[in-house]
Amino acid sequence: MGWYHLFYQYNPDAAVWGNITWGHAISTDLINWYHLPFAMVPDQWYDIKGVWTGSATILPDGQIVMMYTGDTNEEVQVQNLAYPANLSDPLLLDWVKYSGNPVLTPPPGIGSKDFRDPTTAWVGPNGKWRVALGTKVNKTGITLVYETTDFTSYELLDEVLHAVPGTGMWECVDFYPVSTTESNGLDTSVNGPGIKHVLKSSLDDNKHDYYALGTYDPISNKWTPDNPDLDVGIGLRVDYGKYYASKSFYDQNKQRRLLLGWTGETDSEAADILKGWASLQTIPREVVFDKKTGKNILQWPIKEVEKLRSKSTVYKKVLLEPGSLVPLDIGAATQLDIIATFDIDSTVLEAALEADVGYNCTTSGGSSSRGAFGPFGLVVLADESRTEQTPVYFYIAKGTDGVASTYFCADQSKSSTASDVVKLIYGSTVPVLDGENFSMRLLVDHSIVESFGQGGRTVITSRVYPTKAIYSAAKVFLFNNATGITVTANVNAWNMDSANIK
Ligand SMILES: OC[C@H]1O[C@@](CO)(OC[C@@]2(O[C@H]3O[C@H](CO)[C@@H](O)[C@H](O)[C@H]3O)O[C@H](CO)[C@@H](O)[C@@H]2O)[C@@H](O)[C@@H]1O
């Protein structure tokens, strides 16, 4: 009926985790939101210690089944059901917990605190619904699958969907198909030729979201990664910054798969308590398979965010000599959408024998550390003298084998003069194919910078806490700190209006 519903983990009592309740917000465009009364509170023995993560499944007859983890009075993780009290209410204000809860308790061999976060259900080859859950046995992260016809009684399938030793507890598992040939998203039950499946897990041990592409055989209920060296939890990350417990859903009206993610704070808990809130939802992202590389997903801010764009400033062919810094005059630079491309003379790169072998964003000296072919990119949330700044950049390294690798990094080391803030340098490699220039898109919004490298092949979410580079004092620069290449930049920057949150 035209509304997107977001249900989220919320503590009504404090800006720290606890008393977990289901917050509820609605939107027609996923950008402007209305907060509604809580959908569910911890008030039953089977969820009194918390109404934890769950997922909705919309059945063919329009019924909505909500399955969620409850933390019981004895701190056992169980799975429960809830339904909208009135399906014809477009706001879905009231939720009824199923009288037969819990519908699932930890099976033999699974710890009572290691059994949570049911996925949206999909239909198996026998017509039965399948639901996946995260768990661990010893240090092996595992996805279990249950089958059901009515969502009230379940059978655990013998085969686990997937398991990866050493990855620990898998939280908020997400499992969905992507088309390798079409650009539209797919409903969760779709499978067949031209389809790969993404398996995503949030690793409790290091609080990062990992994914891998693979093939799902519904007969054996086995998912096999395309590249076992890049398996779930040991390979690609959904986001290389502060980003966790993301979940996707299929937007049937616009035939796209959308991803919502949680970004916590990287300042102190005391600061969160003082300001009275903590954590953000990132701008929703559309997810597709990267047909060019065939090896990763692409994440891109939903089209609707562009409605917030106001004044546009364009810079064409800005020449960035080695060591240069160019201010961009775009007014108050705290709410921005910036797209920038960078061209280099590739013959210089080809002629080089090796450069920065073993480069790593996190252990590098950041944006001020100069190499032959990087860093170059944008500096955002900077004050005039750049005592505070958040650079986002590319860095090209060349191995002894002559192969060049490009890194996409975000450097928070000088993002704030405040002392109680984590200031890491985030990032990873990003595939840049022959003939492509280097491209990035940044969404800047006061204390968050969402950076999308090469069309969303590598994504980094940064939380930053500038004290000087705020409001009209916030500036943007182009920079090239490489010693061996001149870079030509093209930029389109939009100042962004605020979203309406009511
Ligand atoms: O709210 C519970 C749901 O959230 C998830 C995924 O984020 O689990 C989070 C988790 O950690 C929270 O509790 C910790 C204190 O016990 C706290 O330190 C942390 O900051 C919180 O996010 O909740 C469980 C239980 O505490 C813990 O094992 C997780 O890491 C999801 O799995 C839950 O459904």
Side-chain angles (χ1 to χ4, degrees), residues 6-11 14-17 20 23 25 27 30-31 33 35 53 117 171-172 174 200-211 236-249 258-269 271-273 275-287 297 299-302 305 308 334-337 361-362 380-381 390 392 408-413 415-416 418 420-428 440-453 456 458-466 496 498-499 501:
L6 169 67
F7 301 95
Y8 57 94
Q9 300 280 280
Y10 180 62
N11 181 353
V16 294
W17 188 87
I20 293 296
S27 173
L30 295 153
I31 297 294
W33 292 88
H35 284 291
T53 302
D117 309 340
E171 299 188 316
C172 298
D174 198 13
K200 189 275 317 184
S201 165
S202 303
L203 296 204
D204 198 7
D205 284 2
N206 66 16
K207 293 285 187 267
H208 294 311
D209 277 12
Y210 289 83
Y211 79 95
L236 299 173
R237 274 171 56 185
V238 176
D239 188 305
Y240 288 85
K242 183 73 179 169
Y243 188 86
Y244 195 61
S246 61
K247 298 280 288 188
S248 75
F249 72 99
L258 300 181
L259 182 69
L260 291 153
W262 164 51
T263 176
E265 305 293 324
T266 54
D267 64 351
S268 67
E269 195 173 281
D272 297 344
I273 291 167
K275 75 178 191 279
W277 61 272
S279 304
L280 304 172
Q281 296 287 330
T282 55
I283 298 293
R285 303 167 182 174
E286 183 168 357
V287 178
I297 55 168
Q299 301 171 66
W300 200 243
I302 52 164
V305 76
L308 299 178
T334 44
Q335 295 182 192
L336 298 174
D337 185 351
C361 297
T362 304
V380 296
L381 294 174
T390 300
V392 181
F408 185 54
C409 320
D411 177 1
Q412 274 105 217
S413 58
S415 58
S416 173
D420 63 341
V421 171
V422 177
K423 298 174 194 170
L424 296 173
I425 305 167
Y426 297 132
S428 183
M440 62 171 78
R441 179 171 179 192
L442 270 51
L443 299 177
V444 178
D445 191 6
H446 298 269
S447 71
I448 182 167
V449 181
E450 295 181 61
S451 306
F452 301 81
T458 298
V459 182
I460 308 170
T461 298
S462 311
R463 293 303 309 279
V464 288
Y465 303 88
M496 299 290 274
S498 297
I501 315 286

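Just so you know, residue 1 is the first one in the sequence shown, and it goes up from there.
To the nearest 0.5 Å, atom CD of residue Glu286 and atom CD1 of residue Ile297 are 11.5 Å apart. With rounding to the nearest 0.5 angstrom, the CD1 atom of Ile448 is 5.0 Å from the OG1 atom of Thr263. Going from atom OH of Tyr465 over to atom OG1 of Thr266 covers 4.0 Å, rounded to the nearest 0.5 Å. A distance of 14.5 Å separates NZ in Lys200 from CG in Leu236, rounded to the nearest 0.5 Å. For the atom pair His35 NE2 and Tyr8 OH, the distance stands at 5.0 Å (nearest 0.5 Å). A distance of 8.5 Å separates CG in Leu308 from CD in Gln335, rounded to the nearest 0.5 Å.
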Side chain to side chain contact (heavy atoms under 4.5 Å, CB included) between Gln412 and Val464, intermediate numbers included: CA-CA 7 Å; Gln412 274 105 217; Val464 288; 3.5 Å; yes
Check against side chain to side chain contact (heavy atoms under 4.5 Å, CB included), Ile31 and Ile283: CA-CA 7 Å; Ile31 297 294; Ile283 298 293; 4.3 Å; yes
Test side chain to side chain contact (heavy atoms under 4.5 Å, CB included) applied to Trp277 and Glu265, step by step: CA-CA 10 Å; Trp277 61 272; Glu265 305 293 324; 3.5 Å; yes
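Side-chain atoms of Asp209 come within 3.5 Å of backbone atoms of Ser246 as a donor-acceptor pair (strictly under, hydrogens ignored). For the pair Asn11 (side chain) and Val16 (backbone), a donor-acceptor distance under 3.5 Å is present. Asp239 places a side-chain N or O within 3.5 Å of a backbone atom of Thr461 that can act as its donor or acceptor partner. For Ser416 (side chain) and Ala418 (main-chain N/O), a donor-acceptor pair under 3.5 Å exists by modelled atom type. For the pair Gln281 (side chain) and Leu260 (backbone), a donor-acceptor distance under 3.5 Å is absent. Of the possible donor and acceptor atoms, none in the side chain of Asp267 sits under 3.5 Å from a partner among the backbone N and O of Val421.
With respect to Tyr426, the side chain to side chain contact (heavy atoms under 4.5 Å, CB included) criterion is satisfied by exactly one of Val392, Asp411, Ile460: Ile460. Glu450 pairs with exactly one of Lys242, Arg441, Arg285 by the salt bridge (charged side-chain N to carboxylate O under 4.0 Å, His left out) rule, that one being Arg285.
Side-chain contact between Leu336 and Leu442 is absent, with no heavy atoms from C-beta onward closer than 4.5 Å. When side chains are defined from C-beta on, Val287 does not count as touching Ser248, because their heavy atoms never get closer than 4.5 Å.
Closest approach of Ser279 and Gly264 over heavy atoms only: OG-CA, 3.8 Å. Val238 approaches Val459 most closely through the heavy-atom pair O-CB, 4.0 Å. The minimum heavy-atom distance linking Phe452 with Gln299 is given by the pair CD2-O, 3.3 Å. Cys361 and Phe408 get closest at one heavy-atom pair: SG-O, 3.7 Å. Shortest non-hydrogen contact noted between Gln9 and Thr53 is NE2-N, 3.5 Å.
Using modelled atom types, one finds a donor on one side chain and an acceptor on the other under 3.5 Å when comparing Tyr244 with Glu171.
Residues passing the disulfide bond (SG atoms under 2.5 Å apart) test with Cys172: none are found, sequence neighbours excluded.
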